Enquirer: 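Quick one: this structure, given as structure tokens, is what I'll be asking you about.
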Number of protein chains: 4
Amino acid sequence: MKRDKPKYKQIIDAAVIAIAQNGYHQAQVSKIAKEAGVADGTIYLYFKNKEDILVSVFREKMAIFTHNLRVILEEDIDTSKRLFKMIDNHFRVLHEDRHLAIVTQLELRQSGKKLRLRINEVLKEYLDLLDVILKDGIERNDLDQTLDIRLARQMIFGTIDETITSWVMNEQKYDLIELSPNVHKLIMNAIKA
Amino acid sequence: MKRDKPKYKQIIDAAVIAIAQNGYHQAQVSKIAKEAGVADGTIYLYFKNKEDILVSVFREKMAIFTHNLRVILEEDIDTSKRLFKMIDNHFRVLHEDRHLAIVTQLELRQSGKKLRLRINEVLKEYLDLLDVILKDGIERNDLDQTLDIRLARQMIFGTIDETITSWVMNEQKYDLIELSPNVHKLIMNAIKA
Amino acid sequence: MKRDKPKYKQIIDAAVIAIAQNGYHQAQVSKIAKEAGVADGTIYLYFKNKEDILVSVFREKMAIFTHNLRVILEEDIDTSKRLFKMIDNHFRVLHEDRHLAIVTQLELRQSGKKLRLRINEVLKEYLDLLDVILKDGIERNDLDQTLDIRLARQMIFGTIDETITSWVMNEQKYDLIELSPNVHKLIMNAIKA
Amino acid sequence: MKRDKPKYKQIIDAAVIAIAQNGYHQAQVSKIAKEAGVADGTIYLYFKNKEDILVSVFREKMAIFTHNLRVILEEDIDTSKRLFKMIDNHFRVLHEDRHLAIVTQLELRQSGKKLRLRINEVLKEYLDLLDVILKDGIERNDLDQTLDIRLARQMIFGTIDETITSWVMNEQKYDLIELSPNVHKLIMNAIKA
DNA sequence: TATGAATGAGCGTTCATTCAT
DNA sequence: CATGAATGAACGCTCATTCAT
């Protein structure tokens with residue numbers, strides 16, 4: 001399987017760096033190849049085309065978030081703690097990989113409609129897990145029984161996303177992780193039972 | 001002043017239509033010119049370059065939101081009602097101009113970093129007015145005294161933005177305006193005193 | 001109409017020269033543009049793509065042959081004289097435009113299947129006129145009544161084509177026009193009544 | 001000698017199939033290798049480069065025609081019969097190997113000038129044998145004493161070639177072999193004493 | 001002998017902007 | 001003011017060939 005070969009990950013990581021440093025539209029395949037230390041043509045042994053690189057970047061990195069969320073779902077804790085862990089995890093991963101934060105919050109959004117759709121498919125998995133937390137929270141009576149799950153999900157994701165984007169746009173000047181408790185409080189206020 | 005001449009607005013409106021119909025990357029200057037019924041070169045008598053058209057589109061349209069928000073601020077009503085009006089206004093304007101909704105929520109976000117920064121400057125005026133509402137709400141004791149205004153603003157804007165984007169991505173299949181009360185309730189739960 | 005503008009013919013002629021000098025696969029669009037004294041992009045104001053240039057070259061030049069053949073058909077002379085004029089005209093045009101001879105006999109044949117089919121459509125018009133001469137020749141009893149027209153056409157065109165190709169491959173060392181009477185004699189022997 | 005090893009012929013035959021099925025420009029070395037059941041690199045143990053494969057294809061296959069023509073020359077029959085056998089043989093071989101017909105009449109002609117010259121060298125051997133038949137025919141008084149041998153050869157080869165190419169282009173819909181007598185008649189009319 | 005992963009040079013086409021009319 | 005023909009820089013991808021194993 002190509003995805004397990006070392007060069008696959010090498011190119012993915014090179015793409016994140018190249019995009020973060022040069023911007024989406026200036027991250028030419030040749031720059032990614034150079035950053036990865038391989039020839040231009042080698043890229044095409046591992047990826048179908050440039051779009052495939054970008055979707056793969058998103059898929060591979062999103063897998064970290066999704067995996068962590070699954071672990072949180074398996075823990076025997078209440079919904080409030082779960083959401084705190086989710087927010088904190090989200091902030092923490094991006095706080096520790098500044099390049100990735102720039103890429104997911106700013107650069108990858110410049111992609112065309114076609115690529116956006118493919119990225120959204122990947123994102124859906126994460127949002128579906130969030131829905132599971134919310135549904136379960138209502139069943140357990142941790143959350144407001146009248147909660148509109150879609151709206152709640154949009155509020156939670158919208159808040160997290162906007163918070164991170166603002167942080168990235170402010171050149172990551174302040175500590176993102178410190179915001180977790182307050183963001184969590186705001187969100188819980190909105191949806192708790 | 002160029003902005004008052006009829007062709008100026010004519011080109012702005014043509015740009016919105018051209019972008020909504022063709023997508024950001026397919027909205028070439030020549031297409032905008034054709035839609036506006038002028039020659040390509042004429043565009044450059046009213047705008048410095050393509051980026052200038054796009055920023056102007058955003059500035060002119062955002063002015064509607066900002067103006068409405070100012071009116072809301074002048075009304076003698078409590079913070080909860082103000083925020084309801086803000087949300088409802090936001091949803092209503094975009095619900096009634098589908099082209100504009102597509103352009104602001106999807107297409108314009110594909111622009112490069114440079115243009116994004118200029119768009120954010122325009123957006124700032126709107127967000128600053130939101131901050132005024134929030135500060136005033138705390139003073140009046142309508143809102144939680146310990147509220148972190150920046151976080152609250154990010155939550156409110158993030159929630160609204162994500163809600164609208166989801167609606168656009170779902171091809172505007174459901175009624176956006178009907179969501180106002182629920183979105184308002186969620187937000188007020190989060191921040192009220 | 002684009003085909004009447006001076007730059008159209010200018011580019012066509014530049015293409016013939018560029019292809020004759022560099023060979024089919026080395027005649028890049030930029031070389032053709034340079035030879036024509038225009039910018040690369042200008043090419044695309046007059047031609048849809050590179051293939052369109054090449055088909056147009058063939059169409060425009062073939063028009064000379066076809067036009068001459070029509071004139072010959074209108075003359076009130078016997079079939080033998082008509083065929084002599086056709087052969088002589090074919091030889092004469094290519095003898096006087098060495099570049100064109102190289103392009104039609106050697107270079108354009110290297111084109112891919114798709115282009116070949118389009119070129120054949122153009123060629124068909126010429127061959128159809130030849131068929132008219134042959135049919136008419138049989139009716140007039142100038143030619144063998146049992147003649148298979150398709151075979152006769154293939155023999156005539158094949159002979160002319162092979163003769164010219166050999167001449168081009170021998171670097172146009174001898175006088176092509178002088179061969180007309182002998183080629184004509186051979187062909188008439190084969191098909192006359 | 002490499003040419004006697006089984007893989008040599010294996011690759012040659014794979015090349016014919018790959019070219020006939022995919023077209024000249026789509027017959028990459030890797031496709032030929034796959035068709036032959038060897039690794040890409042193995043090709044280069046038997047052939048200097050891709051051009052060498054193609055010339056070898058032509059040489060090996062042309063050898064069939066040349067060999068048959070030598071046999072015909074050894075037979076004690078008149079010139080007319082010799083030419084009939086030559087035409088019939090030519091038609092028959094290609095009629096029975098459709099792949100080869102496509103390759104020699106259409107695909108291999110898309111090769112560059114350099115390859116064309118090398119192919120012509122191989123072809124020359126065949127044409128030289130035809131010249132022998134013609135010279136001998138004049139000596140025997142089977143053919144017109146004033147015959148220009150070069151022209152006659154060009155007519156014969158041009159006619160045969162054009163006939164076969166038309167047949168291939170018409171997707172080999174009709175029976176090529178049936179055409180032999182008529183083609184022979186046409187040619188003999190042209191050159192007989 | 002045989003393999004196949006890696007290489008890297010090469011090119012058609014688009015489109016924002018200019019400027020002579 | 002208005003036009004639109006002309007410009008030319010910029011880039012993703014293919015594939016023949018090599019060479020370490």
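Worth saying up front: this structure is predicted, and the values here are computed from it rather than measured. Numbers restart at 1 for each chain; the letters A, B, ... are given by sequence-line order, proteins then strands. Every heavy atom of this structure was used, including side-chain atoms; hydrogens, water molecules and symmetry mates were not.
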Enquirer: Spell out, as yes or no, whether a donor-acceptor pair under 3.5 Å connects the side chain of Arg109(A) to the backbone of Gln110(B).
Expert: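 Not a single qualifying donor-acceptor pair exists.
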Enquirer: Could you run through DNA chain E and flag its stems, i.e. three or more consecutive Watson-Crick or G-U pairs with both distances under 3.5 Å?
Expert: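 Ordered by first number, the stems with DNA chain E (at least 3 consecutive pairs each) read E:2-21 with F:2-21.
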Enquirer: What's the NZ-C1' distance between Lys48(A) and dT14(F), to the nearest Å?
Expert: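 Roughly 16 Å, once rounded to whole Å.
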Enquirer: Under 3.5 Å, is there a donor on one side chain and an acceptor on the other for Gln10(A) and Lys7(A)?
Expert: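 Absent: no donor and acceptor within the cut-off.
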Enquirer: Produce a footprint string for nucleotides 6-12 of chain E: one letter per nucleotide, 5' end first; B if the base is under 4.0 Å from any protein heavy atom, S if only the sugar-phosphate is, - if neither.
Expert: BBB--SS
Enquirer: Answer with yes or no whether the side chains of Thr165(C) and Gln105(C) bring together a donor and an acceptor at under 3.5 Å.
Expert: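 Present: a donor and an acceptor within the cut-off.
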Enquirer: Could you go step by step and tell me if Gln21(B) and Gln26(B) meet the side chain to side chain contact (heavy atoms under 4.5 Å, CB included) rule?
Expert: CA-CA 9 Å; Gln21(B) 284 178 344; Gln26(B) 281 309 302; over 6 Å; no
Enquirer: Measure from CG on Asn22(D) to C1' on dT14(F) and round the result to the nearest Å.
Expert: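 It is 15 Å, rounded to the nearest whole Å.
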Enquirer: Measure the distance from CD1 on Ile53(A) to P on dC11(F) and round it to the nearest whole Å.
Expert: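 Spelled out: CD1 on Ile53(A) to P on dC11(F) is 15 Å.
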Enquirer: Please report the distance, rounded to the nearest Å, between CD1 in Ile32(A) and P in dC13(F).
Expert: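 Taking CD1 of Ile32(A) and P of dC13(F), I get 11 Å after rounding.
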Enquirer: Using modelled atom types and a 3.5 Å cut-off, is there a donor and acceptor pairing between side-chain atoms of Ser56(D) and backbone atoms of Asp52(D)?
Expert: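 At least one qualifying donor-acceptor pair exists.
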Enquirer: Using a 3.5 Å distance criterion without hydrogens, assess whether the side chain of Thr66(D) forms a donor-acceptor pair with backbone atoms of Met62(D).
Expert: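 Present.
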Enquirer: Let me know the distance between CD1 of Ile11(D) and C1' of dA2(E), rounded to the nearest Å.
Expert: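 Checked: the CD1 to C1' distance equals 11 Å.
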Enquirer: For Tyr24(B), does its backbone N or O pair with a side-chain atom of Glu107(B) as donor and acceptor, under 3.5 Å?
Expert: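 Checking the backbone N and O of Tyr24(B) against the side chain of Glu107(B), a donor-acceptor pair under 3.5 Å is found.
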Enquirer: I need the CD-P distance between Glu51(B) and dA16(E), as an integer number of Å.
Expert: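 From Glu51(B) CD to dA16(E) P: 13 Å.
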Enquirer: Just by distance, do the side chain of Arg59(B) and the backbone of Val122(B) share a donor-acceptor pair under 3.5 Å?
Expert: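 Looks like no, no N/O pair under 3.5 Å.
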